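Below is one structure, written out as structure tokens; comments come after it.
Since the structure is predicted, the reported quantities are computational estimates derived from the model, not experimental observations. Letters A, B, ... are given to chains in the order of the sequence lines, protein chains preceding strands, and every chain is numbered from 1.
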Amino acid sequence: MKFYNSAEEALECVQSGQTIMVGGFGLVGGPLTLIDTLVELDVNDLTIISNNLGEQGQGLGKLLEQKKVKKAIGSYFTGNRDVGDAFQRGEIDIELLPQGTLAESIRAGGAGIAGYYTKTSFGTDLAKGKETKMFKDEEYVLEEALQADVAIIRAYKADTLGNLVYYKTARNFNPLMATAAKTVIVEVDEIVEAGELKSDEIATPHLFVDRVILAKKVLTKEGVVEHG
Amino acid sequence: MKFYNSAEEALECVQSGQTIMVGGFGLVGGPLTLIDTLVELDVNDLTIISNNLGEQGQGLGKLLEQKKVKKAIGSYFTGNRDVGDAFQRGEIDIELLPQGTLAESIRAGGAGIAGYYTKTSFGTDLAKGKETKMFKDEEYVLEEALQADVAIIRAYKADTLGNLVYYKTARNFNPLMATAAKTVIVEVDEIVEAGELKSDEIATPHLFVDRVILAKKVLTKEGVVEHG
Amino acid sequence: MANPIQEAIAKRAAQELEQGQIVNLGIGIPTLVANYVDHNHVYLHTENGMLGVEDVLEEDIDPNIVNAGKFAVGEAVGASYFDSAASFAMIRGGHVDVAILGVLQVDEHARIANWAVPGKNIIGVGGAMDLLVGARKVIVTTTHTSKDGKSKILKECKYPITSTRSVNTIITDLAVFNYIDGQLHLVELMPGADLETVETNTEATFVNSLK
Amino acid sequence: MANPIQEAIAKRAAQELEQGQIVNLGIGIPTLVANYVDHNHVYLHTENGMLGVEDVLEEDIDPNIVNAGKFAVGEAVGASYFDSAASFAMIRGGHVDVAILGVLQVDEHARIANWAVPGKNIIGVGGAMDLLVGARKVIVTTTHTSKDGKSKILKECKYPITSTRSVNTIITDLAVFNYIDGQLHLVELMPGADLETVETNTEATFVNSLK
């Protein structure tokens, strides 16, 4: 694990054609600093795995606007109508997953599980083309794991080893994505000494974490503000 | 969730023929009070899901001695030679699982996942008779979920709603089993008011917990002692 | 956002809840149900990773505590937070007692459609499919008819279904139906509604089980 | 429990470890490796749910902090605890850099047998199979021969294999082998051992790659 002074340096490893996981549920728990730097990078053909794809012209929405997104995998793109429009124009692929499947598939990707059977989506349009199997008289759908080259996530605090804790509902997809990407880049609100986070309360042990930066953008009641 | 005054009352629901999950890794994190009461109950033909089956004549070992165990599902029975002997005599069935598969199958049982694909055990005797499937040129074994009628587990503290936290390596299988049984019975070292456990640190939210008792048996440096 | 019709439906839905239940509220009318429950007795779960949701006063808002609709909420005593996989494990594993969901359509098999409209971009599903397979009881809340006066309670859903699972109870501005033994049963008229209005506005076949 | 031969093997195994690695130690000789690592630079993971294992003084023992062998251990600065599913997710998901394991037999394909003996009851496997599929590098430590003098480094394992995966390095009291491109390479003689003794006591075919 290594600390970086800026999002630019931490994101230098990102390349065109890669798959990037992006934490957060809307703005809550989103790696706001890293996202805003990601959209500035000269990369394209990205596959983005994230619950949402930002809003029109904001956050990940900018990446879409710049036509850098080849494919989006997530559960709820309705909040950004550009996504549907780009899909209609054939500019991007969309893989829509139930939110529980999105979360579970990311966990599976980090846990060495190639696929798993869930009842969710059985018999619906989202299960079309997917294998099914009967367990104890009930039908289940086979869902495959998701993995990424890079995950950008947000945590509340990191210690100097890279152990992470999260804050309230800003936890959401972040700890899962920390397990499922080759390079895990985290922005945090605070860095503390190793030993300051209680050993029973660490949500993401440091073995998952590669790069840490201090967040420059923070979500407040008044919206996203810069600090530091 | 309901508090009970004794292990006897909390375990009244246990019936012959049921499947019981028992937390702990050896004595560490084991529900010592509940186990000792379980072995006194007039029930038999039990299926026990637990990493170990106690030691000779101790803990779950007593249950075996009394011929109340029909089947044991776990990863490491070597510590109690009675298990192998009973198996040789045809008195019990044994389902031996890699420890990671045991843990993951219990999690799956609690999470609505019927089965999942893991590389673990592929090509070994433990995969005999199990389905396999290829994902990206690698072979995986299909493992099915585990569920139980009753789980008896140990936690460190419960609050008055039934939220739980665990202590150090006494966590192990306990939070998993809390999710995978119809009735979850917990013994704890301490009961605190709701609100005293920090909301970001609760390991088992109260929706999983049915019955709570105060532990009477505690593991110390000098072995298991009674208290309270 | 709330209007008296929606409030009446939400209030009626809240009456279905029992002490000690774990309840997940969908977006729209279901969110309003939170206003009518006693947070000491009913525990609200939100799929973005929280158990113990309650209302919050404007001055107490923490932008990092939100519900599935991304609205600011409060933290009840004894609340807990968890990641999305753990949250959906609760839902899919059968640990949520009741889900209250909005619908676009519901049919006489009590199957619902609430995630996609043909011809429009199918680009959002969220947790709807998960809640339908996992929640022990599913209650749907909806206006009985669409804005152009068409019944939302159809013989067969015209939009893509959300699950093959039938919901248990349908609460509209006109009536309450339970789905029992393969049939919709009209069990209650909402205040001000009469049987004829319900019959006129319901395409689905139902059994009149009014007492 | 430790004897000089075991200590020498453990000490040599520790030299394989690199700064910053996450390392899981099996039961037996591998446990002794903990005595030779710098806990500020190598992080020990134990599958019963802990990262940051270190030695503990008798007076500091906490009975609820144990390793996979159920021995009391200490908590390094920055240690963390997690449940068994999370722990094995780390192992199976490829997040452990090195596993050091004991073996009963290892063959010339570097496949190992360490969980079952035919004719004896097969009643314990623990985390061995998980570590073999998941750890990026697997080092095995063993005495070169069994107590009755038979080679443990065989053409083919006679006992049931633990995984189809080949291990990377074999460290015995006589020698160090690396498995490269489908062949065992003898890369080092242990202090006091000579090539003839290694050849005599090794049933498996190997390439002499001593420098």
Practice problem: Check whether any side-chain heavy atom of Leu11(A) sits under 4.5 Å from a side-chain heavy atom of Arg211(A), and report yes or no. | Solution: no
Quiz item: Between NZ of Lys70(A) and CG of Asp93(A), what distance do you get to the nearest 0.5 Å?
Solution: 8.5 Å
Practice problem: Can you check whether anything in residues 151-177 of chain A gets within less than 4.5 Å of chain B, heavy-atom wise, and list it by number? | Solution: Tyr166(A), Tyr167(A), Lys168(A), Arg171(A)
Exercise. Report the option among Glu143(B), Glu104(B), Lys198(B), Glu138(B) that has the most heavy-atom pairs separated by less than 4.5 Å from atoms of chain A.
Key: Glu104(B)
Self-check item: Within 6.0 Å of NZ in Lys2(A), more than 12 heavy atoms from elsewhere
Solution: no
Exercise. Using a 4.5 Å cut-off on heavy atoms from C-beta on, say whether the side chain of Leu142(B) contacts that of Lys133(A).
Key: yes
Quiz item: Tell me, do Leu102(B) and Leu146(B) make a side-chain contact under 4.5 Å, heavy atoms counted?
Solution: yes
Quiz item: Among Tyr117(A), Phe122(A), Tyr116(A), whose ring pair (Phe, Tyr, Trp, His ring centres under 6.0 Å) with Phe135(A) holds?
Solution: Tyr117(A)
